[in-house]
Engineer: 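Before I ask anything, let me first share the structure, which is written out below as structure tokens.
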Amino acid sequence: MTETVANNFIRRIIDTDLENNKNQGKVATRFPPEPNGYLHIGHAKSICLNFALAKDYNGTCNLRFDDTNPEKEDMEYIESIINTVRWLGFDWEDRLYYASDYFETMYELALKLIKSGKAYVCDLTPEEIREYRGTLTAPGKNSPYRNRSIEENLDLFSRMRAGEFADGSKSLRAKIDMASPNMNMRDPIIYRIRTATHPRTGDKWCIYPMYDYAHGLSDSLENITHSICTLEFEDHRPLYDWFLDELQMPCHSQQIEFARLNLNYTIMSKRVLLALVQKNLVSSWSDPRLPTLEGMRRRGVPPEAIRNFCDMIGVSKQNSVIDLGVLEECIRDYLNQHAKRVLAVLKPLKIVIENFPEDKTEELDAALHPQDPTFGSRKIPFTRELYIEQDDFMEEPTKGFFRLTIGKEVRLRYAYFIKCHEIIKNPATGEIIELRCTYDPETRGGKAPDGRKVKGTIHWVSAPKSLAAEVRLYDRLFTEPNPAIKKDADYAAIINPDSLITLTNCRVEPGLANAKIDDRLQFERLGYFCLDFDANEQKLVFNRTVSLRDTWGKIKIS
RNA sequence: UGGGGAAUCGUCUAGCGGUAAGACUGCGGACUCUGACUCCGCCAACCUAGGUUCGAGUCCUAGUUCCCCAGCCA
């Protein structure tokens, strides 16, 4: 895949800033997840963007948890996010921060806002606040508490902190403009009362800052120069700026918005992802069908492939939906170069090589990567009884089929040329249960001394020497290309019934007894696979990360 | 019907007044001990209408379509 030098509107903004010596020529970004769920491929786009910008401009990128809503957040998520960003391949050095680290400072700054007459304590209930806010087309009206004295506001706010008032009974609001066409500027709430235990600050606080207030301040306190977020925050920018201006923050970070990632046949919404997990529509957050990074990792997707993907899709302000095929292509591209080749049979069909001795086992050489000799090779056992793929035999071959049929010669990968002369069927069902074949001993290793060619090469394993395995095949999660557009869709109804197919009678070459969880494997002619963490001493379990491109499969269908 | 954004091959993305480019997909072909990989070739786009200009995807005007905003979520 060709390396293209990333060029996007954000880089252009930074270039201009650098030319103007803004921020003393520094670039500082941050990735600011809320620890209320697991990271998904959409977050990866943001992570890659922020860390790449820092790297390319000789700056820094912080990891900062936006942990301002204790009711939804959890240490479990914090830990997962830290592990996942690290797994993706990024390093924030000692710059791991939490918005909650700034709670005291934010409180002080809120006091400053009150003292300058720019914030007030409001006694309106949540319902009343909504009524007073007006609508998209009608202006709101001022809260009756809007003109409290600074002294009273200071007193009330400190008592809010002290826990004197019930949840929701009071809030601190910015005094801006209830008639603003931008809803975010209609006296937005800065602090709410929430008696909840915070994952990090415990019960120290019962008031928590809102996103708009906390985020800009966190950026500023960390001297973030370019605060990159997604499009839906575009009309929050005036508020972001308002706080930094009113508080005369020494560092005024610049918020820049880009379009979030959408992938077809899946969803990125953390809310929906959570629902899928809770309704047991998927096994967990790390279900390999999910676009969560933990799920993709379990599926065997290498972090490098995800990073390449994020580079490839670019960054812009256009809403878009990326075809799953682009991701798959990135995965194949990486795995093609880095996966060891092995032989495995997913749907075994027994064949007997009649002219091969009963008790003999030959050890044959097989390259671990045909294009890359540095991978070396391994030995694979060849015996009289073998398994081949059911799909690789046709009693009555269709046009263009050049695998095994009666009387036609094919090559067993790295082994011998064989011919089939008899089909054994289950007399009751007509199902083919065994093939009687002969091999040509002169073709050991897969070459004929007389130079004759065969068109087909098929994979195989030794029947007695191979290992039993379970193999899980994955496909797109949904049958619907854009599930997100279906408001409150019945996701259960659009789950792809073939999104998970579990094959329990698979056979793999014996060397796979030693497979490790991070091994990248190609089962030749089938796809890329990895060991699943469900595997144990008794049972091998493999996940198919992605299939190989299947030109024949396409021809067959059409 | 308020405000904020976005419109370029089927899908993403580039373009910064001077021959519309790349990637993915698709379709041909070559090669092949993986119907894989690799290689070669082909198809394919500027939302509409006006205007400015020698010249407009790019600038101006007016439309159209799509996305976001009325959480004490982020």
Side-chain angles (χ1 to χ4, degrees), chain A residues 1-2 4 6-8 12 32-34 36 66 68-69 71-73 122 124-126 129-131 133-140 167-173 179-186 188-194 207-208 210-212 214-215 229-238 257 259 264 270-271 312-323 325-330 332-333 336-337 341 343 366-367 370-371 400-403 411-415 417 445-447 453-459 522-527 547-556:
Chain A
M1 230 150 273
T2 50
T4 50
N7 182 31
N8 60 52
R12 221 155 21 241
E34 184 192 10
N36 68 343
D66 216 340
T68 57
N69 184 1
E71 292 181 310
K72 289 186 177 171
E73 297 157 6
C122 182
L124 256 25
T125 64
I129 285 193
R130 193 180 341 113
E131 287 160 20
R133 187 155 34 222
T135 68
L136 293 177
T137 50
D167 284 13
S169 63
K170 281 184 168 50
S171 61
L172 184 71
R173 294 228 257 164
S180 171
N182 182 343
M183 300 294 284
N184 296 300
M185 302 299 270
R186 319 244 261 227
I189 288 165
I190 305 175
Y191 270 91
R192 76 281 215 185
I193 303 173
R194 200 97 320 163
I207 56 171
Y208 291 94
M210 298 288 288
Y211 167 85
D212 287 304
H215 200 91
C229 63
T230 43
L231 250 30
E232 68 270 27
F233 293 104
E234 219 151 9
D235 46 16
H236 290 238
R237 189 171 358 113
E257 311 83 11
N264 58 14
K270 275 199 265 188
R271 198 193 90 249
M312 184 179 286
I313 58 176
V315 177
S316 77
K317 298 191 71 157
Q318 297 181 47
N319 288 113
S320 62
V321 181
I322 309 284
D323 195 291
V326 179
L327 209 211
E328 290 183 350
E329 213 28 54
C330 289
R332 289 192 188 103
D333 183 59
N336 176 45
Q337 297 169 58
R341 311 292 125 128
L343 299 182
Q371 280 83 39
F401 183 85
F402 52 77
R403 276 111 98 143
R411 170 168 39 230
L412 295 178
R413 181 81 160 149
Y414 293 123
F417 290 7
K447 274 195 184 65
K453 302 274 186 197
V454 290
K455 181 79 172 149
T457 299
I458 63 176
H459 58 278
Q522 184 195 100
F523 290 179
E524 291 211 39
R525 302 210 308 132
L526 295 171
S547 66
L548 253 28
R549 285 175 68 129
D550 185 9
T551 311
W552 170 243
K554 265 188 230 164
I555 295 167
K556 223 168 36 174

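We use all heavy atoms of the structure for the numbers below, so side chains are in, but hydrogens, waters and symmetry mates are not. Reminder, nothing fancy here: chain letters follow the sequence lines and each chain counts from 1.
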Engineer: With respect to the side chain of A:Ser171, which nucleotide from B:rG3, B:rC72, B:rU34 is positioned closest?
Structural biologist: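 Per side-chain heavy atoms of A:Ser171, the pick is B:rC72.
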
Engineer: Take A:Met183 and A:Asp235, measure what side-chain contact (heavy atoms from CB on, under 4.5 Å) needs, and give me the verdict at the end.
Structural biologist: CA-CA 9 Å; A:Met183 300 294 284; A:Asp235 46 16; over 6 Å; no

Engineer: Between protein and nucleotides 9-15 of chain B, map the contacts as a letter string: B base, S sugar-phosphate only, - none, heavy atoms under 4.0 Å, written 5' to 3'.
Structural biologist: --SSSSS

Engineer: Does A:Thr68 place a side-chain N or O at less than 4.0 Å from the phosphate oxygens OP1/OP2 of B:rA74?
Structural biologist: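 Affirmative; the distance criterion is met.
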
Engineer: With the side chain of A:Met210 defined as its heavy atoms from C-beta on, choose the nearest nucleotide among B:rG71, B:rG4, B:rU34.
Structural biologist: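 When the side chain of A:Met210 is considered, B:rG71 is the closest of B:rG71, B:rG4, B:rU34.
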
Engineer: Report yes if at least one side-chain N or O of A:Arg411 is closer than 4.0 Å to OP1 or OP2 of B:rU34; otherwise report no.
Structural biologist: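 Looking at the OP1 and OP2 atoms of B:rU34, neither is under 4.0 Å from any side-chain N or O of A:Arg411.
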
Engineer: Which nucleotide in the set B:rC73, B:rC69, B:rG4 lies at the smallest distance from any side-chain heavy atom of A:Glu234?
Structural biologist: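 Closest nucleotide among those given: B:rG4.
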
Engineer: Picking from B:rA70, B:rC73, B:rG35, which would you name as closest to the side chain of A:Phe402?
Structural biologist: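 Nearest to the side chain of A:Phe402 among the choices is B:rG35.
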
Engineer: Please check the phosphate of B:rC37 (OP1 and OP2 only) for any side-chain N or O of A:Arg549 closer than 4.0 Å.
Structural biologist: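 Yes, A:Arg549 has a side-chain N/O under 4.0 Å of OP1/OP2 on B:rC37.
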
Engineer: Has A:Arg186 got a side-chain N or O lying under 4.0 Å from the OP1 or OP2 atom of B:rA70?
Structural biologist: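 So the side chain of A:Arg186 is outside the cut-off, no N or O lying under 4.0 Å from OP1 or OP2 of B:rA70.
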
Engineer: Whether A:Arg133 contacts B:rC72 is assessed here as follows: a side-chain N or O lying under 4.0 Å from the phosphate OP1 or OP2. Is that the case?
Structural biologist: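 For B:rC72, OP1/OP2 do have a side-chain N/O of A:Arg133 under 4.0 Å.
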
Engineer: Among B:rG35, B:rG3, B:rA70, find the nucleotide with the atom closest to the side chain of A:Leu136.
Structural biologist: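 That would be B:rA70.
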
Engineer: Which nucleotide in the list B:rA36, B:rU1, B:rG4 gets nearest to the side chain of A:Thr137?
Structural biologist: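 For A:Thr137, the side-chain atoms sit closest to B:rU1.
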
Engineer: Residues in side chain to side chain contact (heavy atoms under 4.5 Å, CB included) with A:Tyr211, at least two apart?
Structural biologist: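 Partners of A:Tyr211 by the side chain to side chain contact (heavy atoms under 4.5 Å, CB included) criterion, ordered by chain and then number, come out as A:Asp66, A:His215, A:Phe233.
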
Engineer: In this structure, which stretches of RNA chain B are paired as stems of three or more consecutive Watson-Crick or G-U pairs, both distances less than 3.5 Å?
Structural biologist: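 Correct response: B:2-7 with B:64-69, B:10-13 with B:21-24, B:26-30 with B:38-42, B:47-51 with B:59-63.
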
